[in-house]
2 protein chains.
Amino acid sequence: MTTEPESPTAGRPRSEEAHQAILDATLSLLQEVGFSALTVEGVAGRAGVGKATIYRRWPSKLPLVVEAFGQLPGLEDHDTGSLAGDLKAMLRGYLSAFNDSPLATVLPSLAGERRHNPQLSELFEPVMAGRRAPLQSALRRAVERGELPDDIDLRLAADLVVGPIAVRLFFTGAKLHPDMVDPIVDLALRGLR
Amino acid sequence: MTTEPESPTAGRPRSEEAHQAILDATLSLLQEVGFSALTVEGVAGRAGVGKATIYRRWPSKLPLVVEAFGQLPGLEDHDTGSLAGDLKAMLRGYLSAFNDSPLATVLPSLAGERRHNPQLSELFEPVMAGRRAPLQSALRRAVERGELPDDIDLRLAADLVVGPIAVRLFFTGAKLHPDMVDPIVDLALRGLR
DNA sequence: CGATTACGGAACGTATAGTATCGTAATTCC
DNA sequence: GGAATTACGATACTATACGTTCCGTAATCG
């Protein structure tokens, strides 16, 4: 089952240029027409590439989209000295880039698809974990500083902060504006009371 | 743009039986094969109905799925006397039914699709609002009891509670177990601190 | 009983995923 | 430098599924 590339030594090497052109075309088309209207022929056309060149690299459309998605920026770590400052800086930076990238459309589509496609789910998992990592780091720093209790569930804490953003992204058609970050972080830290 | 059914007085009336059979078949197939593998021909076959009978009622597959989805149970209001009790009872009840229904697969798929399909988004919006309503009611009662401050943003408060569940549903392949509810509600009420 | 509308079934047109094949271009080995 | 090998863009092809259209039949109204 291990289909290693075998890295052949002879023959024409695969064009790294074409590889990147395909990923770029995928991202720009994703942004323009969205996931469900994305066609492999469209990607090939925009990338100036034959369909076979795409299928030689990715077994199907889904892994291609996942890899293109993986190139998009995730959370960037900030160390401001306080948990509230870290969270606000990170999330604000993320949301600033969010609406101008294919993220807002691709993320829900892929999230929806993975429930039916275990293969996609496996590809998707590490990508998502990597995107969440800076959030975990900030929370861990807060625990070390004594800002958070030692026994706190870091995973749940992260989900509490990101949750309201996810809800707005998935359950409403609303845009995600960076200004929504501060009230969210404040409420998550204080609690509903 | 208002395409009213015009409710014709003559001719054979549309079979309400077929209508329900189509919705039932849609739900059961949704559960079995998931959204992306759902075909209209499959629905017609299982419902014992011609494809034309489906397209006479719904203009495309998406509105059909939305209407079928609308038949699934949402949050059910509980009035236990305390906010924590209300939230835990509601969410636990919901999650109990969640994994055995097509909800876990259909919800993310539809949520992903709506970003590119304004028509779907319009159909989807009121359905989602109705599902959230009991949560808003419980929070409103808590404000009236003085359990929550008057100036709290009810929408944000609701998102804070539901958020961690949404994150797990969309960003991970994890099952949603009712036992996860209590820690979530407790943390949302107390805050990270 | 005649007009009208819906029924299940089947054929059809179109679009797209994914495969296969073409002649050509790039690279390695001898 | 030439043969072998692999990738290239292009195109044709197969299979699937949406959505439309037609068929003969069934149900309802006037």
Side-chain angles (χ1 to χ4, degrees), chain A residues 3-26 29-30 32-68 109-110 113 116-117 119-120, chain B residues 3-26 29-30 32-68 109-110 113 116-117 119-120:
Chain A
T3 40
E4 291 165 21
E6 303 189 14
S7 63
T9 174
R12 177 174 175 173
R14 291 195 183 170
S15 161
E16 191 51 46
E17 205 175 282
H19 195 91
Q20 193 57 47
I22 292 167
L23 289 175
D24 291 347
T26 303
L29 275 174
L30 232 26
E32 285 172 32
V33 307
F35 178 79
S36 60
L38 184 83
T39 70
V40 176
E41 253 154 359
V43 172
R46 176 159 304 189
V49 146
K51 268 208 299 184
T53 301
I54 294 179
Y55 283 106
R56 201 173 287 120
R57 290 168 162 79
W58 294 276
S60 74
K61 189 168 70 165
L62 242 28
L64 166 61
V65 172
V66 173
E67 183 168 335
S109 293
L110 290 180
E113 200 60 33
H116 305 298
N117 198 326
Q119 181 195 355
L120 170 67
Chain B
T3 41
E4 288 162 22
E6 303 188 14
S7 63
T9 173
R12 177 174 175 174
R14 291 195 183 168
S15 162
E16 190 52 46
E17 206 173 282
H19 195 92
Q20 193 58 46
I22 292 167
L23 288 175
D24 291 347
T26 302
L29 275 174
L30 233 26
E32 286 173 33
V33 307
F35 177 78
S36 59
L38 183 83
T39 70
V40 175
E41 250 151 1
V43 172
R46 175 159 306 188
V49 146
K51 267 207 300 181
T53 301
I54 294 179
Y55 283 105
R56 202 173 288 120
R57 291 167 161 80
W58 294 276
S60 74
K61 188 168 71 165
L62 241 27
L64 166 62
V65 172
V66 173
E67 183 167 336
S109 292
L110 291 181
E113 202 59 33
H116 304 299
N117 198 326
Q119 181 195 355
L120 170 67

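Per chain, numbering begins at 1; letters A, B, ... match sequence-line order.
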Just how far, in rounded Å, is [atom2] of [N] from [atom1] of [X]?
X	N	atom1	atom2	answer
B:I22	D:dG19	CD1	P	15 Å
A:E17	C:dA25	CD	P	17 Å
B:H19	C:dA6	NE2	C1'	14 Å

Minimal non-hydrogen separation, [X] against [Y], with atom names:
X	Y	result
A:V49	A:I54	CG1-CG1, 4.1 Å
B:K61	B:L38	NZ-O, 2.9 Å
A:V43	A:A25	O-CB, 3.8 Å

Close approaches to DNA chain D from residues 42-51 of chain A, in residue order (heavy atom, under 4.0 Å):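 Within this stretch, A:G48, A:V49, A:G50 sit under 4.0 Å of the strand.
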Any pair counted as ring-ring contact (aromatic ring centres under 6.0 Å, His included), so long as it reaches residues 35-57 of chain A, sequence neighbours left out: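 Checked against ring-ring contact (aromatic ring centres under 6.0 Å, His included) - neighbours excluded - no pair reaches residues 35-57 of chain A.
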Phosphate contact (C:dG8 OP1 or OP2) by B:T53 side-chain N/O below 4.0 Å: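 Answer is yes, contact under 4.0 Å.
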Show me the donor-acceptor pairs within less than 3.5 Å that the side chains of residues 10-23 of chain A make with the rest of the protein, sequence neighbours left out.
{"residue": "A:R14", "atom": "NH1", "partner": "A:R56", "partner atom": "O", "Å": "3.4"}
{"residue": "A:S15", "atom": "OG", "partner": "A:E17", "partner atom": "N", "Å": "3.3"}
{"residue": "A:S15", "atom": "OG", "partner": "A:A18", "partner atom": "N", "Å": "2.9"}
{"residue": "A:H19", "atom": "ND1", "partner": "A:R57", "partner atom": "NE", "Å": "3.1"}
{"residue": "A:H19", "atom": "NE2", "partner": "A:E67", "partner atom": "OE2", "Å": "3.4"}
{"residue": "A:Q20", "atom": "NE2", "partner": "A:D24", "partner atom": "OD1", "Å": "3.1"}
{"residue": "A:Q20", "atom": "NE2", "partner": "A:Q71", "partner atom": "OE1", "Å": "3.2"}

Listed partners of A:R46 passing side chain to side chain donor-acceptor pair (under 3.5 Å), at least two apart: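 With neighbours one apart ignored, the set is A:S28, A:E32.
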Side chain to side chain donor-acceptor pair (under 3.5 Å) involving A:S60 - partner list, sequence neighbours excluded: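 Not a single residue meets the side chain to side chain donor-acceptor pair (under 3.5 Å) criterion with A:S60.
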Partners passing side chain to side chain contact (heavy atoms under 4.5 Å, CB included) against B:T39 (at least two apart in sequence or in another chain):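 By the side chain to side chain contact (heavy atoms under 4.5 Å, CB included) rule, B:T39 matches B:E41.
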Selection: residues 54-63 of chain B, any non-hydrogen atom under 4.0 Å of DNA chain C: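 Within residues 54-63 of chain B, the residues near DNA chain C are B:R56, B:R57.
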Which nucleotide in D:dC8, D:dA17, C:dT16 has an atom nearest any side-chain atom of A:S15: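 Of D:dC8, D:dA17, C:dT16, D:dC8 is nearest to the side chain of A:S15.
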Set out, line by line, the N/O atom pairs under 3.5 Å between protein and nucleotides 27-30 of chain D.
none

Sugar-phosphate only, base, or nothing, as touched by A:L38 at under 4.0 Å among non-hydrogen atoms: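 A:L38: backbone/sugar contact only, no base atoms under 4.0 Å.
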